[in-house]
Amino acid sequence: MQLIASLLSGSLSPDSQKQCADALKALEVRPNFASCLLELLIRRDQVERSARWLASVYLKNVIVRNWRTRLQGCISSEEKERVRRGLFELIDEPDAQVGVQIALAVSKVARFDYPKEWPDVVERLVGVIGQARGQMNRAGDADATERVLQRAYMALHLVLKELASKRLAADQKAFEGLCSGLYDRIVGWWTEDCASLRPEVLERVLLEMKCVKRVLVQGFPSDAKSLQLAAQVQALCPFLVTTLRSWLLQWPSSAVASSAPASSLGASVTTHKLTLKLLKMVHAVQETHCWALAASGSLVPYLELLCDEVARMGGSGSGSGNGKVNGAEGGYYPPEHRERHKRVLAAIYAVIKCPGYRGSTSSLLMPAGKARELKQHLERMAEEVGATLKQFWAAGQRDAALMTLLVRRYFVLTHEELALWDANGEEFHQETEHAAKEETVRGCAEMLFNALLESNRDVLAPIVVNMMLQCGSADLGDPRAALDTAAVMHALSLGAYDLFDHVDFTDVLRGSIVPIVSKHQPGAGLAPLHVRQVRREALRLVAYWVPKIKPQDKPTVYTMLLSVLPEDSAMFLMACSALQAVMEDWDFDVEQFRPLATDAVRLLIADLAR
């Protein structure tokens, strides 16, 4: 054991790191190596902190590599029993980093040995939690008790995560049975702690929430697949929505957060993390147990909460003009608020696109002989929920208001994006055009916009068209008006499929796109950034509406697109995309483009040289 301790200490030195690591690798196949590592962890006062942390990492890795193998270095049954027993002796580990590694080691052993060799691992962890909670109200070291709770919850979360990831039907059935027996205690403790949030328990509540999410989402069969509602999930849904509303309303604005004293910022950030985690959990419950959420009467309050939150975020200035770049005003999302914007928008999108609510059988498992019965049952349930959702969106024209807010607030470029365009047009184009939609605020808003337009095309399409008509009289010399016009053009591009029969694109092309793009003469230098943004969105419109460009207008379109190529990289790349879309159209006429082919090749070569 002394040899292992010295090798671990030597591994931390750059001079002897390789030799010590090789020696430790050779010792892995020796009997009782895992037990020696465990003993070093137990002797906290006799081993330096860095060596103990490295021992915990080695122990976890040895378990992963050698616990189940039958090759040389496998761990004997007697040693496995010692390791399992010793891991629980370390559940109160004071060092946070070492504690994480111990929790990971417990979860890896549980994956291999539950339920045959280690059937009581979860019950023992729950017992540790129950015992520690019982000591909270007694006189003693409250910090030590809280530490035990956090370590136990961390281990429980990782164990549930490992067991939930097993794919065999028997393992999934065993996990469902485990969660059914665990549900009352875990959820009861979590709801109790949510009722009295204090700074010292926030970390514990976060770990509890992770355990509850795992139990709810993966511990009960999805009713989206079977139409069989889980009573426990249905009973908890009202509490989830009520708590989410309370926490979202307590979220401080960016102005408050920035002016708060330094001592309070840590708690504020942790509260943000809790709220985002709860929002993510309710989103997952809605996707997995969509019918339980609807049956509990929480679907409409949940949607109402999300829509109110979008209106609150959009109207509080977090997405409004808050910066100027080269004369252009842009929107702004404080970094600590971006994730909230994405989560809320994605949650509304998930409800609108939920296959079950739309009556789709795509996610439904239909056993032989029951397909017809299940399909009829699904249609009845979808019709009832569909009527409720239709009534919700129609009340106060919520869908129209939400869609207008998306266009006016979320489609406007932020001042950070405008600054990036001003500094590097190519990087700006790559980030705004090729990033995954789920990873950006605007991408989530775009998905929600399309979902709203698809769900109620006849009502919402005229609103988009009316916004476009209003932009026809806008003064593009005004930076804010120009960016708003660009946002409406962006919406017209995104909704091309659903707006196909509602827009006379020939009038748009001749009355708006060609005059806007052709107004800036080549060789006159770069136009102001807000003007370039409008012209760039006009080019996007051409790319999305190619099927409605009349043959007699195509030569004008070709000339217009080629005139933009000598401009900055962002304009050049968008013009190339539009030109490619026009030339790949089924009705492309080679003879119409032939007179311009030489100029097109010359401009492309010039850009490569540039």
Nearest heavy-atom approach of L374 to L227 is O-CD1, 3.7 Å
Mind listing the closest non-hydrogen atom pair of A132 and T145 along with its distance? O-CG2, 3.2 Å
Indicate yes or no: at least one non-hydrogen side-chain atom of R133 is less than 4.5 angstrom from one of R204. yes
State, yes or no, whether a side-chain contact exists between V83 and W67 at a heavy-atom distance under 4.5 Å. yes
Answer with yes or no after comparing the ring centroid distance for [X] and [Y] against a 6.0 Å cut-off, counting only values under it.
X: Y410; Y: F449; value: no
X: W190; Y: F239; value: yes
X: W291; Y: Y357; value: yes

Would S455 and R358 count as a side chain to side chain donor-acceptor pair (under 3.5 Å) if you check the C-alpha gap in whole Å, the side-chain angles of each, and the deciding distance to 0.1 Å? CA-CA 10 Å; S455 65; R358 293 155 64 94; over 6 Å; no
Exactly one of R49, R147, R44 should register a salt bridge (charged side-chain N to carboxylate O under 4.0 Å, His left out) with E93. Which one does? R44
Derivation of the salt bridge (Lys or Arg N to Asp or Glu O under 4.0 Å) call for E117 and R84: CA-CA 10 Å; E117 287 83 8; R84 287 193 289 260; over 6 Å; no
Please report the C-alpha distance between R111 and S165 in whole Å, then the side-chain angles of each, then the deciding distance to 0.1 Å, and finally whether the side-chain contact (heavy atoms from CB on, under 4.5 Å) criterion is met. CA-CA 9 Å; R111 182 180 181 88; S165 67; 2.6 Å; yes
Cut-off 3.5 Å, side chains only: do H283 and E287 have a donor facing an acceptor? yes
Go through the side-chain N and O atoms of R338 and H341 and say whether any donor and acceptor fall under 3.5 Å apart. no
Could you grab the distance from atom [atom1] of [X] to atom [atom2] of [Y], nearest 0.5 Å is fine?
X: L345; Y: M313; atom1: CG; atom2: CE; value: 5.5 Å
X: L276; Y: R343; atom1: CG; atom2: CZ; value: 7.0 Å
X: L12; Y: S50; atom1: CG; atom2: OG; value: 5.5 Å

Step by step, would you call E78 with R82 a salt bridge (Lys or Arg N to Asp or Glu O under 4.0 Å)? CA-CA 6 Å; E78 295 78 10; R82 285 198 298 272; over 6 Å; no
Just wondering, more than 12 heavy atoms not from [X] lying within 6.0 Å of its [atom1]?
X: K225; atom1: NZ; value: no
X: W393; atom1: CH2; value: yes
X: E384; atom1: CD; value: no
X: E373; atom1: CD; value: no
X: E383; atom1: CD; value: no
X: Q391; atom1: CD; value: no
X: K210; atom1: NZ; value: yes

Pair R52, D95 - check salt bridge (Lys or Arg N to Asp or Glu O under 4.0 Å), show working. CA-CA 10 Å; R52 287 189 73 247; D95 188 291; 5.6 Å; no
